[in-house]
Amino acid sequence: MDMVDGRSENRFRVTMRRCYPVLLAALAFAISGCATTVGRGQTALRDGRYAEAASNFETALKEHPERTDALVGLGIARYGQGVYDDAVAHLSQAVRQDPKRADAQLYLGLSYLQRSDEGSAAEHLRAFRDLTKSGRVTTQVDDALQLMRTERRLSPTSRHFIATSLESAMKSEQALQDARPVYAPWPRYDYYGGLYGPSFWGWR
């Protein structure tokens, strides 16, 4: 009886060893599939194809509802589509999961701004300002907050101006950050011969 049990155990071990690579491959495929879906969503988002981006992010979230990057992407896509209630819902969840996501804080603030909720907008724009290390963006946010304080009720023109200027500043700094690896191998010197310091912007 013990010999039979031993043989069964050995067969089980052999079977598991054979199945293990298959299980790993299936897991890797599932993970890469989700990553590819999010990647397609991010590409569509950068190109301004908001409906396509939203569809990809929704697919990723069905498989992995906790993915913060997919939540942020879906929130930004909804913002681009002008569906501000949905944008607030998705971005609020993303901020709860990761309060230090600068892009989530920015677009959550802008979504509240477009809903004429200046108080909530200011709260998240301040959080966004504190997360960036770019002096130019910080100044831009401070100017926007000052305008929001001085106008008793923002006009649609003022809301549009604030939103577009902050979004443009964020995209400009992101483009600069993305370009830095191209020049990273080459030392850069300032006018006085000193090496430039490390990257000063802090996007995530």
Side-chain angles (χ1 to χ4, degrees), residues 38 41-54 56-57 67-181 197-204:
V38 171
Q42 291 170 341
T43 299
L45 194 60
R46 284 193 297 269
D47 294 342
R49 293 179 276 116
Y50 298 119
E52 181 182 339
N56 279 288
F57 291 129
R67 284 200 63 151
T68 306
D69 54 352
L71 281 169
V72 174
L74 181 55
I76 296 174
R78 292 304 187 206
Y79 175 85
Q81 292 177 302
V83 187
Y84 302 121
D85 289 344
D86 281 1
V88 166
H90 297 303
L91 292 167
S92 293
Q93 184 179 346
V95 166
R96 284 194 297 271
Q97 291 179 191
D98 185 359
K100 293 185 178 181
R101 284 280 312 215
D103 50 357
Q105 293 284 6
L106 171 63
Y107 279 97
L108 183 53
L110 297 184
S111 298
Y112 276 122
L113 181 65
Q114 298 291 9
R115 288 175 49 179
S116 300
D117 186 346
E118 284 84 1
S120 296
E123 174 188 348
H124 292 285
L125 291 179
R126 283 193 294 269
F128 166 69
R129 177 196 60 196
D130 294 342
L131 289 169
T132 179
K133 297 177 183 178
S134 166
R136 189 171 70 88
V137 174
T138 298
T139 300
Q140 196 94 354
V141 176
D142 287 337
D143 289 344
L145 292 170
Q146 177 64 25
L147 178 60
M148 291 167 65
R149 284 192 297 267
T150 54
E151 284 199 26
R152 179 173 298 180
R153 184 173 180 81
L154 289 174
S155 66
T157 301
S158 295
R159 287 200 300 273
H160 178 74
F161 172 76
I162 291 171
T164 54
S165 62
L166 291 180
E167 190 173 22
S168 296
M170 183 275 294
K171 288 180 178 179
S172 175
E173 292 297 333
Q174 184 64 63
L176 286 172
Q177 179 184 346
D178 291 344
R180 283 185 64 82
S199 175
F200 62 88
W201 36 79
W203 305 104
R204 292 185 58 192

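Just so it is clear, the values below take in all heavy atoms, side chains as well, and ignore hydrogens, waters and symmetry mates.
- With sequence neighbours excluded, no residue forms a ring pair (Phe, Tyr, Trp, His ring centres under 6.0 Å) with F57.
- Under the side-chain contact (heavy atoms from CB on, under 4.5 Å) criterion, D117 pairs with Y112, S120, not counting sequence neighbours.
- For the residue pair S158 / E151, a side-chain donor-acceptor distance below 3.5 Å is found, with atom types taken as modelled.
- Contact of the H160 side chain with the T164 side chain is registered, since non-hydrogen atoms from C-beta on lie closer than 4.5 Å.
- For the pair M148 and I162, the minimum side-chain heavy-atom distance is below 4.5 Å.
- Put simply, the side chain of V95 does not reach to within 4.5 Å of the side chain of R101, judged on heavy atoms.
- Taken to the nearest 0.5 Å, the CG atom of L145 stands 11.5 Å off from the CD atom of E118.
- Looking at residues two or more places apart in sequence or on another chain, you find a side-chain contact (heavy atoms from CB on, under 4.5 Å) between Q140 and S165, L166, A169.
- Distance check: E167 CD to L106 CG gives 7.5 Å after rounding to the nearest 0.5 Å.
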Contacts table for residues 68-78: side-chain donor-acceptor under 3.5 angstrom, sequence neighbours left out:
unit_1	atom_1	unit_2	atom_2	d
T68	OG1	Q97	NE2	2.8
D69	OD1	R67	NE	3.0
D69	OD1	R67	NH2	3.4
D69	OD2	R67	NH2	2.5
R78	NH1	Q81	OE1	2.7
R78	NH2	E58	OE2	2.6

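- D47 places none of its side-chain heavy atoms less than 4.5 Å from the side chain of E52.
- The distance from the CZ atom of F128 to the CG atom of L110 is 8.5 Å, given to the nearest 0.5 Å.
- Atom CG of D98 is separated from atom CG of D103 by 9.0 Å, given to the nearest 0.5 angstrom.
- Between L113 and L154, the closest side-chain pair of non-hydrogen atoms falls below 4.5 Å.
- Judged as a side-chain contact (heavy atoms from CB on, under 4.5 Å), and not counting sequence neighbours, the contacts of R46 are Q42, T43.
- When all heavy atoms are compared, the tightest approach of Y79 to S111 is CD1-OG, 3.4 Å.
- Within the 4.5 Å cutoff, the side chain of R136 has heavy atoms near those of the S172 side chain.
- Between Y107 and H124 there is no side-chain heavy-atom pair separated by less than 4.5 Å.
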Please list every donor-acceptor pair under 3.5 Å in which a side-chain atom of residues 85-93 meets a protein atom from a residue at least two apart or in another chain.
unit_1	atom_1	unit_2	atom_2	d
D85	OD1	R115	NE	3.4
S92	OG	V88	O	2.7

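- With Q105 contributing its side chain and P99 its backbone, the two residues share a donor-acceptor pair below 3.5 Å.
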